[in-house]
Amino acid sequence: MPAIVIVGAQWGDEGKGKIVDIYTERADMVVRFGGGPNAGHTLVVDHQKFVVRLVPSGILRQGTTCVLAQGMVIDPRSLVTELDELESRGIKTSGRLLVSDRAHVIFPYHVLVDGLREGEGKKDAIGTTKRGVGPCYEDKFARRGVPLGAFRDVQKLREMTQRALAEWSPVIRHLGGDVPRLDDVLAAIAPTRERIVPLLVDTQSLVERAVRARKNVVLEGAQGTLLDVDHGTYPFVTSSTPTAGGACVGAGVGPTRIDEVVGLVKAYTTRVGGGPFPTELHDEVGESIRKVGAEFGSVTGRPRRTGWLDLPALRYAVRVNGLDALAVTKLDVLTGLDAVKVCVAYDTSHGRTEDLPLDEFGTVTPVYQTFKGWTQPLGGARSMADLPREARAYLDFVEAKGECPFILVSVGPARDETILLRDPFGPQAAC
Ligand code: IMP
């Protein structure tokens, strides 16, 4: 069984929770390699809804080891709350969740700075999740961050936190905030120490050993390609690397050890927060997609912006991630629309292009191809032949123009509402 990387091909929220859950049925290990509590995966199992933020979706499968790797930033209070919630609903986490001692700690002052920068009506706001993710990565790359391993030594934790807080103090004052006292910061996280320290390990060697032993390892991405700090719609991005290369860096697995990279693409597009979104809909069709698709942020509850599928953006994701296969999600949400559109190119100031002009993404005009809609419910479809002709025509076009074969199509939120086109762990078809 291979090591498989699963990434979002759009702006996140592609329905990773359900798809990773399908993959984890036979996974020995599920690893999150980047981001932090800005992610939110919604899972529906036996009509029960679970939302996980830090913990990988694999936690719902009893035989699976879940790993939070060193590429992540972790708010210890969020982690403990999440573990408590899972345990209270009968999901055993002890002994099944391991956390890197090199993942970085999100402190209350990171959350404070994120909130102050993004405050009401701020003109240059990014629209972050205000979970302190960006400021925590700033500390990490400025080489003054605090890895979770510091939780093992109170004195060291105090010294490291003091140093980082001193750097943030003028920034907090400049933003009009009150600088928190070191003792209060430490007191806020102190109760989490005894829960978290036993979970800490060197996850790099753990994951790498599992991959070498040909265990079933799923590296679960968060966010999406266009939110990548290097490859996304900068500066309207997150502060990590949600693309496939980020899996190697964040988990500590060499690229030659990855067997397959799967991209998730929703049958339409959504985006949360600010930034360009050429195919965005501002009409009742966009509203209907939001309502039917329950497109509200699972972390912040914010309504997601909705729009048509963007093929130049999809092809870009296929290339940047080196995708081997695409999993299409939420096709059922489009049921009932008179027409379904898909962006095939853009008109730019330099003429028409089928590539992704990231530099002028805010000013391009999408060129659409229109498909006839369908009205039949899709939830019962288990093969492509079960789909209405119109839905198939749409999918065939997306697969051909997306330049990557489909591995599955999701037609509803439940595990079994899925058209599986090949064994997720079987030999792959090259793009
Ligand atoms: P941050 O990651 O909280 O700093 O937010 C930066 C940008 O990424 C904002 O536009 C967020 O809405 C977006 N973002 C972060 N995490 C997710 C996610 O899991 N899904 C969708 N958008 C996200």
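Remember, it's 1-based here, ligands and their atoms both numbered in the order they're listed. Because the structure is a prediction, the values reported are computed rather than measured.
Test Arg131, Gln223, Lys130 against Asn38 for side-chain hydrogen bond (donor to acceptor under 3.5 Å, both in side chains) and you get one pass: Gln223.
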Identify each donor-acceptor pair in which a side-chain atom of residues 271-281 lies under 3.5 Å from a protein atom, sequence neighbours left out, and give them as a table.
| unit_1 | atom_1 | unit_2 | atom_2 | d |
| --- | --- | --- | --- | --- |
| Arg271 | NE | Gly274 | O | 3.4 |
| Arg271 | NH1 | Thr233 | OG1 | 3.4 |
| Arg271 | NH1 | Pro276 | O | 2.7 |
| Arg271 | NH2 | Thr233 | OG1 | 3.1 |
| Arg271 | NH2 | Phe236 | O | 2.8 |
| Arg271 | NH2 | Gly274 | O | 3.2 |
| Thr279 | OG1 | Trp308 | O | 2.7 |
| Glu280 | OE1 | Arg305 | NE | 3.2 |
| Glu280 | OE1 | Arg305 | NH2 | 2.9 |
| Glu280 | OE2 | Arg305 | NE | 3.2 |

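Contacts of ligand 1 (protein heavy-atom distance under 4.0 Å) are Trp11, Asp13, Asn38, Ala39, Ile126, Gly127, Thr128, Thr129, Gln223, Leu227, Val237, Thr238, Val272, Gly273, Arg302.
Take Tyr316 and apply the ring pair (Phe, Tyr, Trp, His ring centres under 6.0 Å) test, not counting sequence neighbours, and it matches no residue. Partners of Phe397 under the ring pair (Phe, Tyr, Trp, His ring centres under 6.0 Å) rule, at least two apart in sequence or in another chain, are Phe371.
Inspection of the Asp202 and Ser205 side chains reveals an N or O donor paired with an N or O acceptor under 3.5 Å. Side chain to side chain, Thr128 and Asp114 meet the donor-acceptor criterion of an N or O pair below 3.5 Å.
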